[in-house]
Amino acid sequence: MADETFKYVILGGGVAAGYAAREFVKQGLNAGELAIISKEAVAPYERPALSKAYLFPESPARLPGFHVCVGSGGERLLPEWYKEKGIELILSTEIVEADLSAKRLRSAHGKIYNYQTLIIATGSTVIKLSDFGVQGADAKNIFYLREIDDADQLVEAIKAKENGKVVVVGGGYIGLELGAALRINNFDVSMVYPEPWCMPRLFTPEIAAFYEGYYAKKGITIIKGTVAVGFTVDTSGEVKEVKLKDGRVLEADIVVVGVGARPLTNLFKGQVVEEKGGIKTDGFFKTSVPDVYAVGDVATFPLKLYNELRRVEHVDHSRKSAEQAVKAIKANEEGKAIEEYDYLPYFYSRSFDLSWQFYGDNVGDAVLFGDNSPDSATHKFGSYWIKDGKVLGAFLESGSPEENKAIAKVARIQPSVENSDLLLKEGISFASKV
Ligand code: FDA
Ligand code: NAD
């Protein structure tokens, strides 16, 4: 098998890879210079669709409908686009060895890929229940969701187990989005998580109370403060029951697990400086190794706004970090300088007819505004976070595009506030005036 050599290689074919490819083309790329190597069988797509419209019972999203860059309002990059631009899409190819000093990658098929510049965009993988030693977690119909193949298997099970029982393990992003998606598919859904309220990494108890109440109204059973410790299976190896630590046993035709993600950095261990679980980069996504960049979920980068290093597992950052890295690579080649990355953290989620956005940092004291009752007609409520007299973060459920822009501005500008009563009284209009 002959080796192949490229000027640029992007390792990983997810969100960041797609946005990086578009930026290379914008900046000027010659045919044959760039390759994307991905273990997935399809061209880069907008991963967030997998836990939302991909699972709709009516008119579900399917490829090629959600290839990048539609998620941020851009044009879809279909497989033909890469061909037209002379970009090599090397799919269904897992890299199993990376030698950063020799600038060489080796695939599971034994093929060698040489590069001049590498962008690591391997993203994250799911944390499995078997990682915690949970018995029986390899039974049939226990699902994780990361890639389109996982989503396809789940869709098959949804068809096969029509109107059945689902247990969702985990109360984070996956838990909340999949709990809703399966309820919409008419499953009897129970959600189990160890914390006292859902999404504790972002939500305050008051924010969580709205979603938990809303989910309960939709008919979802929420079981908090305990974890799955085992499963029973039937004679065909399919999951039948989930055993909880508190002794309860839940019937299940399908189990969906979302207990967190882990950045895929294992190929580079010992070759590159790591920090906070990710590959350490500067504000241009350069790693400690010359000509090697890391973007998206795997990068631990300087978050200029808060003057600290952070890793961010969200799509907006994966897109923007990819674009920044490519701009930096090109500027470097041309001896030019570009501005350092100056990211404003932005997270969002959608489920049922709900949709929230959050910008900034959820540190300090939280001030809830609006009506967070699950019975409210508008669902419009939010929260500001104040630290040292400044508003650092803002969350809004069911905001209009203008209101969402306003909370983003607040988080960026960090206005001073003398007391929280003002925020409480003015609510979203405080942000709209900034
Ligand atoms: P990403 O995971 O997209 O891509 C990594 C790619 O590298 C994959 O194609 C993988 O197969 C490949 N790869 C890894 N190792 C390899 C190897 N050794 N050889 C070859 N290929 C390899 N965020 C958000 O802000 N809002 C949202 O609504 C959602 N929704 C959402 C739903 C679901 C189901 C998931 C799993 C995730 C989200 N996210 C999200 C998170 C968001 O999708 C995530 O942060 C980005 O996809 C990260 O982009 P990357 O390109 O870094 O990794
Ligand atoms: P997460 O970190 O959001 O949530 C993990 C949850 O797992 C915790 O909140 C906790 O409730 C639960 N948990 C931990 N240990 C457990 C145990 N032993 N038993 C039961 N529950 C346990 O992770 P996730 O929801 O798995 O999401 C995976 C990745 O996908 C993340 O990177 C996330 O950012 C991304 N994602 C993002 C979105 C979004 O931004 N809208 C949507 C889907 C997925």
Side-chain angles (χ1 to χ4, degrees), residues 10-20 36-52 54-55 68 71 90-98 105 107-108 119-127 129 131-134 144-151 154 168-178 181 191-195 197-203 223-224 226-229 244-245 256-268 278 294-299 311-319 321-322 345-351 356-358:
I10 302 173
L11 173 46
V15 175
Y19 281 77
I36 294 176
I37 307 178
S38 177
K39 69 180 164 59
E40 291 191 82
V42 295
Y45 57 87
E46 302 283 0
R47 196 165 306 287
L50 297 183
S51 52
K52 304 175 188 69
Y54 204 80
L55 304 176
V68 296
I90 302 169
L91 302 176
S92 306
T93 300
E94 183 175 10
I95 294 300
V96 292
E97 198 185 303
L105 307 172
S107 78
I119 301 181
I120 301 171
T122 40
S124 302
T125 188
V126 295
I127 295 175
L129 287 177
D131 298 343
F132 310 125
V134 176
Y144 297 85
L145 182 58
R146 184 76 208 176
E147 299 189 345
I148 203 155
D149 286 353
D150 307 322
L154 179 57
V168 175
V169 179
Y173 284 100
I174 291 282
L176 286 167
E177 292 184 6
L178 279 253
M191 291 180 61
V192 182
Y193 42 88
E195 297 94 349
W197 66 85
C198 62
M199 193 81 84
R201 65 169 155 146
L202 176 63
F203 290 179
I223 301 167
K224 301 191 269 187
T226 190
V227 291
V229 289
L244 304 186
K245 195 174 182 184
V256 176
V257 185
V259 294
R262 194 163 33 82
L264 278 170
T265 58
N266 46 322
L267 284 174
F268 317 102
V295 297
D297 280 13
V298 292
R311 205 172 59 74
V312 172
E313 287 176 6
H314 289 273
V315 75
D316 180 60
H317 160 70
S318 70
R319 295 167 179 155
S321 59
Y346 163 47
F347 314 141
Y348 70 89
S349 183
R350 291 193 296 273
S351 59
W356 61 257
Q357 297 202 359
F358 167 82

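Order of listing sets the numbers, starting from 1, for every ligand and every atom in it.
For atom 30 (O) of ligand 2, the nearest non-hydrogen atom from the set R311, K52, R146 belongs to R146. Residue Y348 holds the heavy atom nearest to atom 41 (N) of ligand 2 of all those in Y144, F203, Y346, Y348. Nearest to atom 33 (C) of ligand 1 by heavy atom, out of S349, S51, A151, A17, is S51. The closest non-hydrogen atom to atom 49 (O) of ligand 1, taken over S318, S92, A108, comes from S318. The heavy atom nearest to atom 35 (C) of ligand 1, considering only E46, R350, R47, is found in R47.
Using a distance-only test at 3.5 Å, with no hydrogens or angles considered, a donor-acceptor pair links the side chain of D150 to the main chain of R146. Looking only at distances, no side-chain donor or acceptor of W356 sits under 3.5 Å from a matching main-chain atom of R350.
For atom 17 (C) of ligand 2, the nearest non-hydrogen atom of the protein is V227 CG1, 3.7 Å. The nearest protein atom to atom 12 (C) of ligand 2, hydrogens excluded, is given as G170 CA, 3.8 Å; this is a heavy-atom distance. Of all protein heavy atoms, the one lying nearest to atom 7 (O) of ligand 1 is G12 CA, 3.1 Å. Scanning the protein for heavy atoms near atom 10 (C) of ligand 2, the closest one is E195 OE2, 3.0 Å. Nearest protein neighbour of atom 44 (C) of ligand 1, counting heavy atoms only, is D297 OD1, 3.6 Å. The single protein non-hydrogen atom nearest to atom 27 (O) of ligand 2 is I174 CG1, 3.4 Å, given as residue, atom name and distance. From the protein, the heavy atom lying nearest to atom 47 (O) of ligand 1 is V15 CG2, 3.4 Å. In terms of protein heavy atoms, atom 21 (N) of ligand 1 is closest to K39 N, 3.0 Å. In this structure, atom 8 (C) of ligand 1 lies nearest to the protein heavy atom E40 OE2, 3.4 Å. Regarding atom 14 (C) of ligand 2, its nearest protein heavy-atom neighbour is V259 CB, 4.0 Å. Counting protein heavy atoms only, atom 4 (O) of ligand 1 is closest to G14 CA, 3.2 Å. Of all protein heavy atoms, the one closest to atom 25 (O) of ligand 1 is V315 N, 3.0 Å. For atom 35 (C) of ligand 2, the closest heavy atom belonging to the protein is E313 O, 4.4 Å. The protein atom (non-hydrogen) at minimum distance from atom 16 (C) of ligand 1 is T122 CG2, 3.9 Å. Scanning the protein for heavy atoms near atom 26 (O) of ligand 2, the closest one is G260 N, 2.8 Å.
Heavy atoms of S124 come nearer than 4.0 angstrom to ligand 2 in no pair at all. Judged by the shortest distance from any of its heavy atoms, Y348 lies inside the 4.0 Å radius around the atoms of ligand 1. Heavy-atom distances between R201 and ligand 2 reach below 4.0 Å in at least one pair. Not close to ligand 1: V298, with no non-hydrogen atom less than 4.0 angstrom away. Using a 4.0 Å heavy-atom cutoff, K52 is listed among the residues neighbouring ligand 1. Put simply, no part of T125 is less than 4.0 Å from ligand 1, judged by heavy atoms.
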Next on the checklist: Let's go through S107 and E94 carefully: what are the C-alpha distance in whole Å and the side-chain angles of both, what is the deciding distance for side chain to side chain donor-acceptor pair (under 3.5 Å) to 0.1 Å, and is it a yes or a no?
Outcome noted: CA-CA 5 Å; S107 78; E94 183 175 10; over 6 Å; no
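Neither the backbone nor the side chain of F347 has any atom closer than 4.0 Å to an atom of ligand 2 (non-hydrogen atoms only).
Ligand 1 places these atoms under 4.0 Å from at least one heavy atom of L264: 14 (C), 15 (N). With ligand atoms numbered from 1 in the order given, ligand 2 contributes 19 (N), 20 (C) to contacts under 4.0 Å with heavy atoms of V169. Shown in contact with A121 at under 4.0 Å from a heavy atom are these atoms of ligand 1, numbered in order with element: 5 (C), 6 (C), 7 (O). Set against the non-hydrogen atoms of E313, the atoms of ligand 1 under 4.0 Å away are 41 (C), 45 (O). Residue contact check: A16 has heavy atoms under 4.0 Å from atoms 51 (O) of ligand 1. Interface of H314 with ligand 1, defined as ligand atoms under 4.0 Å from a residue heavy atom, comprises 23 (N), 24 (C), 25 (O), 45 (O). Applying the 4.0 Å criterion to heavy atoms of G296 picks out, from ligand 1, the atoms 52 (O). Residue-ligand proximity, E177 to ligand 2, at heavy-atom distances under 4.0 Å covers atoms 39 (C), 41 (N), 42 (C), 43 (C). Within the listing of ligand 2, atoms 18 (N) sit less than 4.0 angstrom from a heavy atom of F132. Interface atoms of ligand 1 facing P48, defined by a heavy-atom separation under 4.0 Å, are 27 (C), 28 (O), 29 (C), 30 (N), 31 (C), 32 (C), 40 (C), 43 (O). Taking a cut-off of under 4.0 Å to the non-hydrogen atoms of G172, the atoms of ligand 2 that pass are 3 (O), 4 (O), 6 (C), 9 (O), 25 (O). Taking a cut-off of under 4.0 Å to the non-hydrogen atoms of E147, the atoms of ligand 1 that pass are 8 (C), 10 (C), 11 (O). With ligand atoms numbered from 1 in the order given, ligand 2 contributes 11 (O) to contacts under 4.0 Å with heavy atoms of Y193.
Nearest approach of A322 to A20, heavy atoms of both residues: CB-N, 3.8 Å.
Geometrically, ligand 2 and S51 share no nitrogen or oxygen pair separated by less than 3.5 Å. Ligand 2 has no nitrogen or oxygen under 3.5 angstrom from a nitrogen or oxygen of A228. On a distance-only criterion, G171 and ligand 2 share at least one N/O pair closer than 3.5 Å. Between H314 and ligand 2, at least one N/O pair is under 3.5 Å apart. For the pair P194 and ligand 2, the shortest N or O to N or O distance does not fall below 3.5 Å. Among the atoms of Y173, some N or O lies under 3.5 angstrom from an N or O of ligand 2. Between L267 and ligand 1, a contact under 3.5 Å exists for no N or O pair. Between R146 and ligand 1, at least one pair of N/O atoms sits closer than 3.5 Å.
Atom CD1 of I10 is separated from atom CD1 of I119 by 4.5 Å, given to the nearest 0.5 angstrom. I95 contributes atom CD1, which lies 11.0 Å from atom OG1 of T122 (distance to the nearest 0.5 angstrom). Atom CD of E97 and atom CG of L105 lie 9.5 Å apart (nearest 0.5 Å). Taking CG of D316 as the reference point, atom OH of Y19 lies at 9.5 Å (rounded to 0.5 Å).
Looking only at atom types and distance, the side chain of R47 has a donor-acceptor partner in the side chain of Y45 under 3.5 Å away.
R319 and D297 are not joined by a salt bridge, as no carboxylate oxygen comes within less than 4.0 angstrom of a charged side-chain nitrogen. Salt-bridge check for K224 with E195: failed, with every basic side-chain N at 4.0 Å or more from each acidic carboxylate O.
Note: Y173 and H314 meet the aromatic proximity criterion, with ring centroids under 6.0 Å apart.
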